[in-house]
*Asks:* 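Here's a structure for you.
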Amino acid sequence: MTTLLETDGLTRRFGGLDAVSDVSVTVEQNSVVGFIGPNGAGKTTFINVVTGFLKPSAGRVVFDGNDVTGNRPWDVARAGVSRTFQIAKPFRDLTVRENVALGSMFGPGNSRSVAASLTDADEVLERVGLSERAEARPGELPIADTKRLELAKALAMKPRLLLLDEVMAGLRPAEIDNSIDLIRSLQKDGLTIVVIEHVMKAILAVSDKVIVLHEGKRLAEGPPKEIASDDRVIEAYLGERYAKRVKEGGDA
Amino acid sequence: MEQFLQATINGLLQGGLYALVGVGFSLVWGVIHVVNIAHGAFVILGAYVAWKLDGAFGIDPLLGLVVAAVLLFVIGYAVQRGVINLVINAPIWMTLLLTFGLELLLVNGLILIFTGDYRSIATSYASGGLSFGDVRIPYGRLLAFGLAVLLTGLLAMFMSRSKTGQAINATGMDRVTARLMGINARHIYALTFAISAALAGAAGTMVGIVGTFNPVDAGVFTLRSFVIAVLGGLGNMWGALAGGIVLGLVEAWSGQYLSGTLIHAIGFGVLILVLIVRPTGLLGRPYSEARAET
Amino acid sequence: MAESAARSTRIPQPSSPAGWILVGLGAAGFAYLLYAPVLLLESFLRTLGGVFMFATLALAWNIIGGFAGYASFGNVVFFGLGGYTVATLMAKAGWTFWPALVVAGAVGVLFAVLMGLPILRLRGHYFAIATLSVAEGMREIVVNMPSLTGGGAGITIPAVGLEATTSYPGNTGFYYFFLILLLVALAVTWRVSRSRFGYSLRAIHQDEDSAAALGINTTRAKVAAFALSGLLTALTGAIYAFQQVTIYPNRLFSIEFTVLMVVMAVIGGTGTIFGPVVGAVGLQFLSEYLRQNYLELHTVLFGAIIILAVIFLPNGIVESARELRSTKRIRFLDNVKANRL
């Protein structure tokens with residue numbers, strides 16, 4: 001399998017804190033790679049550095065054989081990397097359809113006209129199951145649809161690599177199952193997908209490979225089954241839960 | 001050399017006065033996130049209050065200063081509570097326009113009442129001064145400087161020590177959380193604006209004592225407040241003092257070499273440079289939203 | 001709650017029926033405006049020319065402020081630079097008006113790019129304050145370069161006699177100049193609002209990070225919007241300077257011009273095509289009425305009107321009229337409900 005995305009010693013410091021520390025990973029073409037880790041593990045910072053929203057303090061990002069380290073966000077996007085935001089960021093004064101059309105309008109390689117983009121948007125909306133809400137404003141959507149819209153915007157760009165930042169957080173179990181099906185079908189279409197989740201269950205179900213981040217470092221990497229039984233991973237998670245339980249107990 | 005020394009002293013003293021002008025503006029910007037374009041008009045209004053009290057009733061300007069501050073406090077509270085609070089979450093140009101409308105109203109109202117003539121508040125003591133060789137320190141300016149430092153210190157202490165001050169700080173950092181903690185944000189905002197207006201009133205009185213003023217000057221004081229607030233870092237009291245002194249010194253020094261109003265251009269140049277290079281201000285309380293504020 | 005919050009900054013669709021009705025009315029009005037100089041008094045022509053000028057300025061502000069959401073409080077800098085370019089070239093270098101006008105436009109674009117690259121990185125109040133400071137600083141520079149600009153005493157364009165390089169067009173001439181420029185500004189706005197460029201500006205307005213993630217070069221789009229705004233504003237300033245003959249820095253770089261641009265765009269409706277024009281027409285005639293009837297009070301009243309408009313009509317006349325048509329009422333208090341503390 002060829003490598004689509006590779007990071008080499010990627011590091012991002014905030015003041016004295018290494019939010020991402022010396023992370024080297026590879027994402028193979030047409031695979032689904034899951035990133036997990038407790039809050040503050042550096043997952044979102046990692047995405048921000050890869051997509052150009054933050055400049056790395058050290059290290060390299062290589063996409064499809066090209067060094068894209070420190071490139072501006074729009075350049076990374078037009079190279080074929082699209083992302084969602086953990087806190088959905090729709091364009092609130094545009095319709096759902098227009099929101100999605102914007103992805104097609106400026107996405108990689110395509111210089112699509114406004115009219116053509118709106119047609120593209122309808123296809124994508126169909127795919128994620130949002131067709132009925134095409135003329136709604138994002139503010140009128142329930143949370144699950146907001147997440148779908150976020151995904152639709154990213155898909156409309158026709159990316160080669162899709163970075164999904166917690167698109168399943170806050171969803172009901174049935175909705176999570178829908179998302180898992182959608183990710184699998186996108187993979188079948190040839191997309192490469194990085195899934196970041198706080199919740200382990202969904203990740204283990206959908207990923208070919210799981211990477212565990214802990215305190216900014218790569219703690220473990222492997223197939224889902226191995227990761228699920230890895231002692232260090234369990235400790236990292238249990239440690240957090242344990243601390244949480246103690247804190248909650250103290251407050252009550 | 002003596003000329004330079006004199007310029008430095010002038011700049012330092014003038015800077016203290018600027019600080020008093022700008023500190024309230026900075027407080028409002030930092031806490032309420034409103035750029036109060038009417039701030040300069042509050043300063044001038046304070047000057048007219050003390051001037052009128054002195055001229056009509058012979059009230060000593062230092063007592064007049066207290067009256068001006070109290071009056072402006074009341075006006076400030078009413079303006080924030082009754083008007084600005086109504087649209088506080090609207091896009092930023094709305095609040096900018098709102099305070100600009102207020103400025104037009106105040107400045108032109110003052111022109112109608114007092115005409116556009118230059119006034120000054122005469123005192124028996126302001127004209128005297130200390131002399132060291134050729135270097136002179138006028139009492140009036142010394143008084144203004146001392147008062148500026150005193151009030152800034154009191155304000156800084158109030159903000160860090162008192163419960164109300166801490167409530168103001170908390171509201172400035174995160175209004176939603178502050179409200180959850182039981183802080184009445186409407187009152188806190190109004191109070192913050194009132195304190196700012198009161199300080200402007202006090203500053204205006206001192207402006208009248210050490211020099212001349214007319215309603216049209218309001219704009220210049222607002223613009224200086226921008227510079228001071230940005231230099232010092234928003235909502236940072238000691239920062240405003242430092243910002244005021246830096247502006248005073250820069251103006252005084254460049255006045256040695258540059259003609260007339262080009263000095264103002266220097267002030268703006270410094271402001272733009274700071275905004276671009278170091279948007280958190282010189283003393284850098286990290287208001288990181290400088291580049292992320294929406 | 002969320003819905004009304006959205007409405008307060010909502011950008012209306014360019015192809016709305018209200019837009020088309022206005023297009024129809026505009027066509028009829030346009031025919032009239034072309035013949036107006038034959039029908040109207042010279043003094044009224046001058047007033048109308050002023051209305052066109054402000055409408056153009058408001059439309060130019062609307063591109064950077066209304067579409068891209070960057071509230072420039074220093075757009076007057078382009079106005080002043082345009083005016084002073086024309087005045088200096090005509091008075092000091094003996095140029096005729098038309099080439100000087102072209103250079104004025106170029107100066108507007110160039111300055112917008114140079115100033116925009118560093119300053120458009122700032123957001124919100126910081127951008128507003130920075131632009132305002134640039135305008136004020138530029139005025140001081142112009143005041144202090146008397147050999148080139150005439151300084152605070154002003155500069156006079158030779159407009160009559162042998163010295164005149166281009167004969168003075170008179171009230172009728174300037175009426176047409178301002179009318180044509182307004183039509184250009186309207187066409188530009190119409191074009192922008194439908195284009196990918198316009199969509200990219202709206203996206204930036206609403207969420208800049210999200211726009212960048214979709215592949216929009218936000219820096220380039222913002223600078224382009226600023227340059228377009230600067231171009232139109234500089235051309236307006238250039239024509240204004242020629243009309244005035246003698247210009248002064250305190251007038252050409254007056255913060256009041258900037259505020260009028262913003263107020264007109266806001267009162268008419270930011271981000272719309274006709275809003276700024278409606279705002280300019282309404283406010284100019286209102287202002288003229290106040291000036292004639294309440295000479296002394298007129299600025300005070302003007303301040304009060306701004307305050308009331310911001311509180312009760314922040315979506316602008318165009319949007320409120322649309323609302324009136326669809327819901328049969330204007331909810332003046334919605335803004336307060338959505339944005340109060």
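This one's a predicted model, so the numbers in the text were calculated from it and none came from an experiment. Lettering of chains follows the sequences in order, A, B, ..., and the numbering in each one begins at 1.
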*Asks:* List the atom of A:Phe85, the atom of C:Ala213, and the distance in Å for their closest heavy-atom pair.
*Replies:*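 For A:Phe85 versus C:Ala213, the nearest heavy atoms are CE1-CB, 3.7 Å.
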
*Asks:* Any non-hydrogen side-chain atom of C:Ser210 less than 4.5 Å from a side-chain atom of A:Lys153?
*Replies:*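 Heavy-atom side-chain distance check passes, below 4.5 Å.
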
*Asks:* Measuring heavy-atom distances to chain A, does C:Thr218 have an atom under 4.5 Å in its side chain, in its backbone, in both, or in neither?
*Replies:*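 Both parts, backbone and side chain.
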
*Asks:* For chain C, find which of A:Pro73, A:Pro138, A:Ala101, A:Gly52 contributes the most heavy-atom pairs closer than 4.5 angstrom.
*Replies:*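 So the answer, after comparing A:Pro73, A:Pro138, A:Ala101, A:Gly52, is A:Pro73.
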
*Asks:* If every non-hydrogen atom of A:Val114 is compared with every non-hydrogen atom of C:Arg194, which pair is closest and at what distance?
*Replies:*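 Looking at all heavy atoms of both residues, the closest pair is CG2-O, 3.4 Å.
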
*Asks:* Taking all heavy atoms of A:Phe91 and all of C:Asp207, pick out the closest pair and write down the distance.
*Replies:*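 Distance-wise, the nearest heavy atoms are CE2-O, 3.6 Å.
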
*Asks:* Could you measure the distance from the CG atom of A:Leu94 to the CZ atom of C:Arg202? Nearest 0.5 Å is fine.
*Replies:*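 Result: 7.0 Å between the selected atoms.
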
*Asks:* Can you give me the closest heavy-atom contact between C:Ile216 and A:Leu102, atom names plus distance?
*Replies:*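 Taking every non-hydrogen atom into account, CD1-CD2, 4.2 Å.
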
*Asks:* Rounded to the nearest 0.5 Å, what separation is found between the CG atom of C:Asp209 and the CD1 atom of A:Ile87?
*Replies:*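 One gets 11.0 Å once the value is rounded to the nearest 0.5 Å.
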
*Asks:* Using every non-hydrogen atom in the two residues, find where C:Ala212 and A:Ala77 come nearest and quote the distance to one decimal.
*Replies:*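 Here C:Ala212 and A:Ala77 meet closest at O-CB, 4.0 Å.
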
*Asks:* Provide the closest heavy-atom pair for C:Arg196 versus A:Met105 in the form atom of the first, atom of the second, distance.
*Replies:*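 For C:Arg196 and A:Met105, the tightest heavy-atom pair comes out as NH2-O, 2.6 Å.
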
